[in-house]
Amino acid sequence: MDTAMLHSCEENYFPDCSIYSECIEAVFIYDKDGRIIACNRSAREELGYDGQNESIMSAFPKVFYKRNDELCLLDGIREDMLFDTVAYRKNMTCYPAMVKILKDKKTDYYICFAQNMSNENAAMKKMVSLEGKLKNAIQVKNEFIANITHELRTPVNGMKGFAQSLQKTKLDPAQQENVEYILHCCTNMEGLINQLLDFSKMEAGKVTLEKREFDFYHFIEETLALNLPQINEKGLRVRISIGKKIPQIVIGDEFRLGQIINNLFSNAVKFTQAGTISFEVVNTAQNGKEIELFFVVCDTGIGIAREDMDKLFNSFTQVDSSITRRFGGTGLGLAICKQLVEQMDGDIYVNSELGKGSTFSFSVRLDLPGNEKEEGEKEAEGFSTQWSQRLKEYMSVSESESSEEDTLKLMREKLERVLLCIELGTWEKADKFAGMMKAAMPDTMQELKREVFRLELMIRREDYDLSLQQVKKIQDKIES
Ligand code: ADP
């Protein structure tokens with residue numbers, strides 16, 4: 001109903017049906033006894049009333065009743081409110097209506113507006129029915145995927161087993177190569193099947209996360225090491241930085257967290273031909289029971305166009321089919337990551353520029369064991385020495401702590417240089433100084449650290465205006 005019109009009616013105090021003649025709602029003007037004084041064209045055409053010796057009660061029997069000859073509104077209905085009821089035509093057929101009754105303060109007449117809701121109700125019914133059908137279709141699709149992937153697993157396992165047996169027999173070099181190719185295909189196929197299974201389980205809300213204690217440092221090492229062969233093969237540089245204040249033992253779903261990191265890290269490796277992949281994790285919030293970790297995976301690869309970034313976390317999305325042909329994949333990895341991150345009470349973001357590289361960042365919350373405080377910090381300190389040879393060369397653990405004043409002084413100095421580099425357009429140097437700022441900051445300055453993270457992203461996108469704005473923001477924060 002057009003509420004603007006209703007208001008103007010109230011303000012004008014003019015119960016003259018001619019002003020409502022073209023309005024699409026049926027409008028009746030009636031007196032305190034319920035006798036219709038006038039009605040508009042809709043009321044005449046839709047309900048068959050003509051305003052001659054008729055009662056408003058006949059049109060809306062479920063709204064009014066008479067007590068000692070006095071016209072009253074049924075319980076729960078008041079003047080000035082919108083309510084659903086049934087409007088009866090003169091011929092006793094009816095339709096659902098939304099009604100409002102106003103009192104004309106000058107004349108003591110009442111105005112009743114009634115909108116025919118048949119079409120809206122039919123549309124609503126259709127929507128509810130479509131929603132049901134859609135839910136059903138999604139369930140059928142998920143069951144289909146679950147069944148078919150399960151069925152596919154058996155032959156793939158068979159092929160893999162036979163290829164492995166064949167590998168142990170005497171083969172000439174060409175045969176050996178072929179068998180290796182078969183094994184490689186089987187591994188890819190297994191990956192696809194697992195992703196599809198995961199995805200259908202998630203859509204059905206059937207993925208529950210485990211809560212088990214695990215050694216965070218060992219976990220990171222094992223997860224990142226999975227990609228070392230491809231990294232070495234491509235000759236990429238790797239930088240790994242682990243915040244010093246992260247306790248060694250945390251509680252959560254190690255397998256699923258590993259899945260997220262591995263997906264992002266392996267994508268970074270997959271889509272980067274030359275340059276650096278960096279992996280960073282810092283502790284952004286902690287209390288006695290919980291810890292929030294912020295992960296950043298950054299590459300100098302092919303990048304993603306701005307218009308494609310929003311779609312990335314949707315299922316089956318790949319930026320470009322030629323890329324898919326070249327690199328393979330299902331387009332499900334990031335959709336799965338997003339769902340897992342959300343289940344771990346976090347968010348995932350991407351920042352990227354075509355041809356320059358991409359930065360994926362996400363946060364998760366993990367539980368801490370009861371005795372975490374003393375033990376965690378003690379063991380974390382020993383971590384850099386425990387770090388095995390495999391990744392040690394890539395590692396940097398946040399620098400040792402200095403006083404807050406010293407840090408702020410250092411920050412001011414570095415920020416000056418960043419600013420100069422931005423002004424000169426020497427982006428690589430600006431990036432380096434921003435990196436130094438970040439490394440110099442203790443985990444207690446998390447908010448500032450996030451701002452420096454953002455600055456780094458803007459510098460990598462070589463965005464002059466945004467970088468300057470961000471420098472200003474950081475300057476203000478340092479001085480406040
Ligand atoms: P896929 O299994 O196809 O890799 P993902 O969901 O992990 O599925 O990624 C979807 C698409 O997002 C990829 O096909 C690629 O086009 C794009 N993408 C993901 N990560 C990167 C990255 N680091 N650099 C460039 N493009 C990326």
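Since we're looking at a predicted model, the values are computed, not measured. Each ligand, and each atom within it, is numbered from 1 in the order the structure gives.
Considering CD1 of Ile240 and CZ of Phe265, their distance stands at 5.5 Å, rounded to 0.5 Å.
Considering both main-chain and side-chain atoms, Gly333 comes within under 3.5 Å of ligand 1 through a nitrogen or oxygen pair. Where the criterion is an N or O separation shorter than 3.5 Å, residue side chain and backbone included, Asp299 meets it with respect to ligand 1.
By the 4.0 Å heavy-atom criterion, Phe360 is counted among the residues contacting ligand 1. Contact analysis leaves Gly301 out of contact with ligand 1, as no non-hydrogen atom separation drops below 4.0 angstrom.
Ring geometry for Tyr464 against Trp427 counts as perpendicular: the plane angle is over 60°, on a 0 to 90° scale with 30° as the lower cut.
Considering Leu334, Thr272, Leu192 only, the shortest heavy-atom separation from atom 6 (O) of ligand 1 involves Leu334.
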Would Arg460 and Glu456 satisfy salt bridge (charged side-chain N to carboxylate O under 4.0 Å, His left out), going step by step from the backbone distance to the final call?
CA-CA 6 Å; Arg460 283 184 194 161; Glu456 206 176 39; 3.2 Å; yes
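Between Ile24 and Asn116 there is no side-chain heavy-atom pair separated by less than 4.5 Å. Contact of the Val238 side chain with the Leu224 side chain is not registered, since no non-hydrogen atoms from C-beta on lie closer than 4.5 Å.
Using a 4.0 Å cut-off to heavy atoms of Asn263, the atoms of ligand 1 that qualify are 7 (O). Against a heavy-atom cut-off of under 4.0 Å, Leu312 is close to the following atoms of ligand 1: 12 (O), 17 (C). Within the listing of ligand 1, atoms 4 (O) sit less than 4.0 angstrom from a heavy atom of Lys270.
The pair Glu210-Arg256 does not count as a salt bridge, with every side-chain nitrogen at least 4.0 angstrom from each carboxylate oxygen.
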